[in-house]
Student: 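First, the structure itself, so that you have it in front of you.
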Amino acid sequence: MVRQSQLFIPTLREAPADAEAISHKLLVRGGYIRQVAAGVWTFLPLGWRVHQKVVQIIREEMDAIGGQEMLMPVLTPYELWQQSGRDAIPEIFRLQDRAGREYVLPMTHEETITFHAKEIASYRQLPQLLYHFSIKERDEPRSRGGLLRLREFIMKDAYSFDRDEAGLDVAFRNNDRAYRRMFGRAGIEYSAVQAESGMMGGKESIDFLAPSGSGENTLVTCENGDYAADLEVALGIPRTPDFPPAHDAPKEVATPGATTIEALAEQLGIDAAATSKAMPVVTTGGKLVLGLVRGDDRLSEPKMLGTLGSDYRPATEEEIRGAFGAGGGSLGPIGIEIEVVADEALRDGHFVAGANRDGWHLLGVEAGRDYAPRFSDIREARDGDRCPTCGGGLHFQTAIEVGHIFKFGSRYSEPLGASFLDEDGIEKPLIGGSYGVGPARVMAAAVEQHHDENGIVWPTTLAPYDVHVLSLDGGSNEVRTRAEELAATLAAAGLDVLFDDRDERPGEKFADADLIGCPVRVIVGKKTLDDGAADVRRRDGSSEERVAIADVLKWVRQD
RNA sequence: CGGGGCGUAGCUCAGCCUGGUAGAGCGCCCGCUUUGGGAGCGGGAGGCCGACAGUUCAAGUCUGUCCGCCCCGACCA
């Protein structure tokens, strides 16, 4: 039992003016966290308790699948990152010591764990699953939203090593299961979706997205529950366009001043979905490519990146002039020398396209007949699309990425030289996977998903304390004593008890208790003692009643 | 890195346009009263007005540069 009068729980009546996300506001107001610099936060005692509860859940689930906890340092020799090639990532923090030796403050620990994995010499020592909780540093160009995106944060990162892909499959599935269990225990609603592995350089990967009022990802789900994906890779079946009459060959039409799809569709009196939109881009290799999507669609940058196999940028005015002989707004796929990547939605039907002549468009352009594109899914799924699995409606929700697991194979073991001798006597690279989860993001997601207008409603597994006992003594020693006895009794029974013994008025204690959000609130006051009782209430509003002091423990423990 | 916004008391903010002794509410400290949903009265503490450089008799206020923070975008295991 701890006395609130002696704790550092600086609750605030008002949220900081610049806070937008609910979790940001409530965690700051509740005295859980404080900002030190952009994207850099302190966990105050209450916040650290919650963080540690999340950590313990993760630890138990990792241990349950054979994970071995360890700890790798933050300060890491730069050479390791040179060997993996990740030294080129702009987000890494670098520094030098006084002798000029260079270090990296890691964003993850693949390099370091692989450095240790070099001690694995034989297939007899495999598989291995190692993990740690440690501070990650990322020079994010833009942090935001309280705990949603930090520049420094603690992550549980686990690494598996196996002798082959089959072994990796097993490790991957085990971690997937462990993740589902840990998020379930943390009271988080989430979807496991296929995702891009991004800068980790992986193959298969699964993202765990928790729907939230604020977040960095968009979760796309089918109303029938048979499809879930991150917007970046989500497939959607677009509606069928309302096509105008077809033509035997493209027919030129004057469209003066129509440089946007809206203007074009209006001028021609047609459905915007029956037009095509041309997006000329230049790859890092300097190659000009025309991306073509339906007029009502947006080009998906991650998909385009995947299709091109390289980063790219929009083409400049001069580059466009040179290649198309026309300016933006009148570009199309016909009569040009450059490669055309057309979205799948343009495969069937006849569309209006730019004529590559300023102020003119072409009616009835058909892929295959009039131009020969490379088809690829490069459109961003959007509201109104149908599910690719069952045709049901798709929902789009903002979400927090609370975990990400992926296979990296020999991505690190080869460059770092981590190999083992297999049963057949052949030296082979270790086959690895990484499994990351951010406890702070789990906290933020829990708050985003569980709160009301008065404050946080913690899942019981994450709450900083199980029971919040309020002494409404108004200066009465007898009431204070009885309240403290009850708090001590509950604590002796194994519950984490926060005892509000502060010399504050009732209203303030109620407000703070709601804000902090412990699952059970127990009030001892003059009124209740007259009945030899206490008022008990669950924070989620499911029950509230007056029970005899002797029965409080039983009440707390039921359901 | 582009666009926008904001830096004044612990917090939320006025004051800046039109230069002239730095303010309010909440919080904090003391006293009295009060005590079941953020009390009342009285007294009090608390400021390098983000930094630097200009303009001026005089700068929180005008000008410039820089720094910090937030939001949108770019970016992002």
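Every heavy atom of this structure was used, including side-chain atoms; hydrogens, water molecules and symmetry mates were not. Quantities reported herein were computed from a predicted structural model and do not represent experimental measurements. A note on names: the letters A, B, ... follow the listed sequences, proteins ahead of strands, and every chain is numbered from 1.
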Student: I'd like a list of close polar pairs between nucleotides 6-11 of chain B and the protein, N/O only, cut-off under 3.5 Å.
Tutor:
none

Student: Is the closest side-chain heavy-atom distance between A:F133 and A:I58 below 4.5 Å?
Tutor: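 When only atoms from C-beta onward are counted, A:I58 and A:F133 do touch, with a gap below 4.5 Å.
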Student: Just by protein heavy atoms under 4.0 Å, how would nucleotides 42-49 of chain B read 5' to 3' in B, S and -?
Tutor: --------
Student: Is A:R382 close enough and on-axis enough to A:F396, meaning under 6.0 Å and within 45°, for cation-pi?
Tutor: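 Geometry flag: not set, cation outside 6.0 Å or 45°.
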Student: List the residues meeting salt bridge (Lys or Arg N to Asp or Glu O under 4.0 Å) with A:K287, not counting sequence neighbours, and say none if there are none.
Tutor: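 Expected list: A:E339.
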Student: Mapping A:G474 and A:L515 onto RNA chain B by nearest heavy atom, which one lands closer to the 5' end?
Tutor: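 Final value for this comparison: A:G474.
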Student: If we call it a pair only when both distances are under 3.5 Å in a Watson-Crick or G-U wobble match, what pairs with B:C69?
Tutor: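 Pairing partner: B:G5.
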Student: Of all the nucleotides listed (B:G37, B:C69, B:C71), which has the minimum atom distance to the side chain of A:D514?
Tutor: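 Among B:G37, B:C69, B:C71, the one nearest the side chain of A:D514 is B:G37.
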Student: Toward the 5' end of RNA chain B, which comes first, A:Y312 or A:K509, by nearest nucleotide?
Tutor: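 Final value for this comparison: A:K509.
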Student: Quick one: A:E140 CD to B:G73 P, roughly how many Å, whole number?
Tutor: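 Between P of B:G73 and CD of A:E140: 15 Å.
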Student: Starting from P on B:C69, measure out to CD on A:E20 and report it in whole angstrom.
Tutor: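 Atom-to-atom, A:E20 to B:C69, this comes out as 17 Å.
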Student: Provide, to the nearest angstrom, the distance between the NE2 atom belonging to A:H24 and the P atom belonging to B:C71.
Tutor: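 That distance rounds to 8 Å.
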Student: Could you tell me which nucleotide pairs with B:A22 by Watson-Crick or G-U wobble geometry, both distances under 3.5 Å, or answer none if nothing does?
Tutor: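 Checking every strand shown, B:A22 finds no partner, since no pair has both distances under 3.5 Å.
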Student: Does B:C41 have a Watson-Crick or wobble mate here (both distances under 3.5 Å), and if so which one?
Tutor: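 Base partner found: B:G31.
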Student: Report which part of the nucleic acid A:A511 touches: base, sugar-phosphate, or nothing (heavy-atom distance under 4.0 Å, all strands).
Tutor: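 The residue A:A511 makes base contact.
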Student: Which pairs pass side-chain hydrogen bond (donor to acceptor under 3.5 Å, both in side chains) with one or both residues in residues 503-516 of chain A, sequence neighbours excluded?
Tutor: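 Listed once each, the pairs are A:T11-A:D512, A:R502-A:D512.
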Student: For A:Y465, which residues count as a ring pair (Phe, Tyr, Trp, His ring centres under 6.0 Å) partner, sequence neighbours excluded?
Tutor: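 Partners of A:Y465 by the ring pair (Phe, Tyr, Trp, His ring centres under 6.0 Å) criterion come out as none, since no residue qualifies.
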Student: Roughly, in whole Å, what's the span from CZ in A:R29 to P in B:C26?
Tutor: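 Answer to the nearest Å: 17 Å.
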Student: Is a donor-acceptor pair below 3.5 Å formed from side chain A:R537 to base B:G37, judging by atom type as modelled?
Tutor: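 Present.
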Student: Below 30° counts as parallel, above 60° as perpendicular, anything between as tilted: where do the rings of A:F172 and A:Y435 land?
Tutor: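 Plane angle between 30° and 60°, so tilted.
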Student: Which residues pass the ring pair (Phe, Tyr, Trp, His ring centres under 6.0 Å) test with A:H24, not counting sequence neighbours?
Tutor: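 With neighbours one apart ignored, the set is A:W41.
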Student: Nearest to the side chain of A:E301, heavy atoms from C-beta on, is which of B:C76, B:G37, B:A74?
Tutor: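 Side chain of A:E301 sits closest to B:A74.
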Student: With sequence neighbours left out, write down each residue that passes salt bridge (Lys or Arg N to Asp or Glu O under 4.0 Å) with A:E317, or none if nothing qualifies.
Tutor: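 A:E317 satisfies salt bridge (Lys or Arg N to Asp or Glu O under 4.0 Å) with no other residue.
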Student: Mind checking salt bridge (Lys or Arg N to Asp or Glu O under 4.0 Å) for A:E137 and listing every partner two or more places apart, or none if nothing turns up?
Tutor: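 Per chain and number, A:E137 pairs via salt bridge (Lys or Arg N to Asp or Glu O under 4.0 Å) with no residue.
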Student: Considering Watson-Crick and G-U wobble pairs with both distances under 3.5 Å, what does B:C48 pair with?
Tutor: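 Per the H-bond distance test, none.
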Student: In Watson-Crick or G-U wobble terms, both distances under 3.5 Å, what is the partner of B:U63?
Tutor: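 Its partner is B:A53.
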Student: Rounded to whole angstrom, note down the C1' distance from B:C57 over to B:G4.
Tutor: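 Comparing C1' positions in B:C57 and B:G4 gives a spacing of 39 Å.
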Student: Got a sec? Which of residues 516-534 of chain A come in under 4.0 Å of RNA chain B, heavy atoms?
Tutor: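 Listed by number, they are A:R521, A:I523, A:G525, A:K527, A:T528.
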Student: Quick one: which of B:C76, B:A74, B:G38 gets closest to the side chain of A:E232?
Tutor: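 Closest nucleotide among those given: B:C76.
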Student: Kindly point out which of B:G36, B:C69, B:C75 is positioned nearest to the side chain of A:D535?
Tutor: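 Taking heavy atoms from C-beta onward, the closest nucleotide is B:G36.
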Student: Tell me every residue that passes side-chain hydrogen bond (donor to acceptor under 3.5 Å, both in side chains) with A:E545, counting only those two or more places apart in sequence or in another chain.
Tutor: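 Partners of A:E545 under the side-chain hydrogen bond (donor to acceptor under 3.5 Å, both in side chains) test: A:W555.
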Student: So for A:R13 and B:U12, does any side-chain atom that can act as donor or acceptor lie under 3.5 Å from a complementary atom in the base?
Tutor: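 Looking at the base of B:U12, it does not pair with any donor or acceptor on the side chain of A:R13 (distance under 3.5 Å).
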Student: May I have the distance from A:D512 (atom CG) to B:G36 (atom C1'), rounded to whole angstrom?
Tutor: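 Between C1' of B:G36 and CG of A:D512: 15 Å.
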Student: Provide the Watson-Crick or G-U wobble partner of B:G36, both distances under 3.5 Å; none if there is no partner.
Tutor: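 Across all strands, not a single nucleotide pairs with B:G36.
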Student: Is the base of B:C76 touched by the side chain of A:R142 through a donor-acceptor pair closer than 3.5 angstrom?
Tutor: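 Absent.
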Student: Can you list the residues that meet the salt bridge (Lys or Arg N to Asp or Glu O under 4.0 Å) rule with A:E140, with sequence neighbours excluded?
Tutor: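 In terms of salt bridge (Lys or Arg N to Asp or Glu O under 4.0 Å), with neighbours along the sequence ignored, A:E140 is linked to A:R149.
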Student: Mind checking the C1' distance from B:G47 to B:G31? Whole angstroms is fine.
Tutor: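 B:G47 and B:G31 have their C1' atoms separated by 27 Å.
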Student: What's the closest nucleotide to the A:R149 side chain, out of B:C76, B:A39, B:C70?
Tutor: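 Output: B:C76.
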Student: Taking side-chain hydrogen bond (donor to acceptor under 3.5 Å, both in side chains) as the cut-off, I'd like each qualifying pair that reaches into residues 169-178 of chain A, sequence neighbours left out, listed once.
Tutor: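 Sorted result for residues 169-178 of chain A: A:D169-A:K407, A:N174-A:R177, A:D176-A:R180.
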Student: With distance as the sole criterion, is a donor-acceptor pair present between the side chains of A:T218 and A:Q397 under 3.5 Å?
Tutor: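 No donor-acceptor contact under 3.5 Å links the two side chains.
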